[in-house]
2 protein chains.
Amino acid sequence: MTSSKGLKLTRQRQIILEELRKVRTHPTAIEVYTMVRRRLPRISLATVYRNLEELAAAGLIQKLTLAGSRKRFDGTVEEHCHIRCLKCDRVDDVAQVLVPPIVEDVETLHGYQLLGHHLELFGICPRCQEKARERREGPSHSQAGREAKQKER
Amino acid sequence: MTSSKGLKLTRQRQIILEELRKVRTHPTAIEVYTMVRRRLPRISLATVYRNLEELAAAGLIQKLTLAGSRKRFDGTVEEHCHIRCLKCDRVDDVAQVLVPPIVEDVETLHGYQLLGHHLELFGICPRCQEKARERREGPSHSQAGREAKQKER
DNA sequence: CTGAATGCAAATTGTTTGCATGTTC
DNA sequence: GAACATGCAAACAATTTGCATTCAG
């Protein structure tokens, strides 16, 4: 299960893949960079970007098609849809396949040859709901918030 | 139908809105800038960005939640989903509402409070299909391609 | 040994911001 | 005339690229 497409197995490539598969979040390139740097302090961000692209091209990981300006990557290749927290911007997997069968109709309607689709859900994650609740009920034992809302540009 | 939220009606604001409503494409800020500059050659790109944000905040236009790094704007406010051409990157409207009712279930499953969703389709637009066909059947009377695939970063 | 991959820095692209000036209400 | 908008340039953030060096096969 190594390289199907003449990809050399460099240490950095390997570790990027490992780290990405380790998490269930859907990290951006910079987040991957941060994770990987714990094991390879001298790796360059450019290498991370290049490898994420190449691994995705080779079908070993998945470059996600999500809203927002940062690209996100997924260690698994199976199609599944995502839910994004509108407060903290985290992205989680959605277990069930929620894709409407009706979709095919459009093909006719617009002359488009339909090749795929992508459903993304938005909401508030459990963590942020909890935080909001605490805030509402009085900031008594305020637990030091975990998430830093990454401003999407 | 002017300002509900203390927005001053400046010439640039007005023209941005007009131009945006004129088209059915879903232009990026820079595309809007180009359109508007035909009528207001001295307008600055920053003004376009600021106004698009403000008009969207005021609910007069819609900032689209689409994949890709460029933000896109829509002169209409009604929710509807989109189909994007994988070759030339144009975005068209999809007439029917294709949203699965099943969606609600997830709420329970992941602890998320569901607030919205967004379905995007991908395919090849009629124009690009035509181009591909010409190319395949021999580049005899090659009609000088119209679209420049904007590389999404 | 040789092409592919890395690190580093500089370049691009899309978008935002500070500030002095100009314009609506 | 005061608050808000504009234009311009500079600042940012995310990503890409050029190039000399290193490394996997």
Side-chain angles (χ1 to χ4, degrees), chain A residues 2-17 19 26-37 39-58 60-61 63-73 89 91 148-153, chain B residues 2-17 19 26-37 39-58 60-61 63-73 89 91 148-153:
Chain A
T2 12
S3 51
S4 36
K5 209 176 182 182
L7 285 188
K8 282 188 183 172
L9 198 56
T10 62
R11 186 138 182 68
Q12 20 276 83
R13 188 111 73 202
Q14 193 173 204
I15 293 188
I16 288 171
L17 188 52
E19 290 297 317
H26 302 76
T28 62
I30 295 150
E31 287 163 354
V32 173
Y33 175 56
T34 307
M35 291 157 45
V36 168
R37 224 172 9 162
R39 298 173 58 187
L40 282 180
R42 299 194 45 85
I43 199 173
S44 107
L45 182 53
T47 299
V48 172
Y49 272 108
R50 276 186 287 235
N51 275 319
L52 288 172
E53 283 306 327
E54 274 152 31
L55 289 170
L60 294 173
I61 66 171
K63 174 158 60 165
L64 298 182
T65 305
L66 296 177
S69 51
R70 303 186 191 80
K71 286 180 188 159
R72 288 176 175 274
F73 297 85
D89 206 50
V91 174
K149 162 78 172 178
Q150 311 255 56
K151 191 167 160 230
E152 269 295 340
R153 320 162 121 273
Chain B
T2 11
S3 49
S4 34
K5 210 177 179 180
L7 285 188
K8 282 187 182 171
L9 198 57
T10 61
R11 184 138 183 68
Q12 19 278 84
R13 189 112 73 204
Q14 191 173 206
I15 293 188
I16 288 170
L17 188 53
E19 290 298 316
H26 302 76
T28 62
I30 295 149
E31 287 163 353
V32 173
Y33 176 56
T34 308
M35 290 157 46
V36 168
R37 223 173 7 162
R39 297 174 59 188
L40 282 180
R42 300 194 43 83
I43 198 174
S44 110
L45 182 53
T47 299
V48 172
Y49 272 108
R50 275 187 288 234
N51 275 318
L52 288 172
E53 284 305 328
E54 276 153 29
L55 289 170
L60 294 173
I61 65 171
K63 174 156 62 163
L64 297 181
T65 306
L66 295 176
S69 50
R70 303 186 192 82
K71 287 181 187 158
R72 288 176 176 274
F73 296 84
D89 206 49
V91 174
K149 162 79 172 179
Q150 311 255 56
K151 192 167 159 230
E152 267 297 338
R153 323 160 118 271

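Because the structure is predicted, anything quoted here is derived from the model rather than measured.
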Report yes if at least one side-chain N or O of [X] is closer than 4.0 Å to OP1 or OP2 of [N]; otherwise report no.
X: B:Q12; N: C:dT23; value: no
X: B:T10; N: D:dT6; value: yes
X: A:R42; N: C:dC8; value: yes
X: B:K63; N: C:dT15; value: no
X: B:Y49; N: C:dT16; value: no

Which atoms form the tightest heavy-atom contact between [X] and [Y], and what is the distance?
X: A:V48; Y: A:A29; value: CG1-O, 3.7 Å
X: A:T65; Y: B:A67; value: CG2-CB, 3.3 Å
X: B:L52; Y: B:I61; value: O-CD1, 3.6 Å
X: A:I16; Y: A:T47; value: CD1-O, 4.3 Å

Considering the terminal five base pairs at each end of the helix from C:dC1-D:dG25 to C:dC25-D:dG1, what angle separates the two local helix axes, rounded to 10°?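 For the helix from C:dC1-D:dG25 to C:dC25-D:dG1, the axes at opposite ends meet at about 40°.
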Nearest whole Å is fine: how far is [N] [atom2] from [X] [atom1]?
X: A:L55; N: C:dT6; atom1: CG; atom2: P; result: 10 Å
X: A:L45; N: C:dA10; atom1: CG; atom2: P; result: 16 Å
X: A:I16; N: C:dA5; atom1: CD1; atom2: P; result: 12 Å
X: A:Q14; N: D:dA24; atom1: CD; atom2: C1'; result: 12 Å
X: A:R13; N: D:dA24; atom1: CZ; atom2: P; result: 11 Å
X: B:Y33; N: C:dT15; atom1: OH; atom2: P; result: 14 Å
X: A:R70; N: D:dC12; atom1: CZ; atom2: C1'; result: 12 Å
X: B:I30; N: C:dT13; atom1: CD1; atom2: C1'; result: 7 Å

What's touching nucleotides 18-20 of chain D from the protein side, N or O pairs under 3.5 Å?
residue : atom : partner : partner atom : Å
D:dG18  : O6   : A:R50   : NH1          : 3.2

Looking at B:R13, B:Q12, B:Q14, which one forms a side-chain hydrogen bond (donor to acceptor under 3.5 Å, both in side chains) with B:N51?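 Of the listed options, the one satisfying the test is B:R13.
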If you count heavy atoms of other groups shown closer than 6.0 angstrom to CZ of A:R39, is the number above 12?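 Yes, because the 6.0 Å sphere around CZ of A:R39 holds more than 12 heavy atoms from other groups.
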Counting distance alone, no hydrogens or angles: does the base of C:dG3 have a donor or acceptor under 3.5 Å from a partner atom on the side chain of A:K8? yes
Look at the side chain of A:I43 and decide which nucleotide, out of C:dG7, C:dT15, D:dT16, has an atom nearest to it.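 Between C:dG7, C:dT15, D:dT16, the one nearest the side chain of A:I43 would be C:dG7.
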Would you mind telling me which of C:dT16, D:dG7, D:dT15 lies closest to the side-chain atoms of B:S44? D:dG7
Is the backbone N or O of B:L64 less than 3.5 Å from a side-chain atom of B:R72, with the two atoms forming a donor-acceptor pair by type?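 Answer holds: no.
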Do A:E53 side-chain atoms and A:R50 backbone N/O form a donor-acceptor pair below 3.5 Å? no
Quick one: side chain to side chain donor-acceptor pair (under 3.5 Å) partners of B:R37, sequence neighbours excluded?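 If we apply the side chain to side chain donor-acceptor pair (under 3.5 Å) test to B:R37, skipping adjacent residues, the hits are B:Y33.
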Stepwise salt bridge (charged side-chain N to carboxylate O under 4.0 Å, His left out) test for A:E31 and A:R70: CA-CA 11 Å; A:E31 287 163 354; A:R70 303 186 191 80; over 6 Å; no
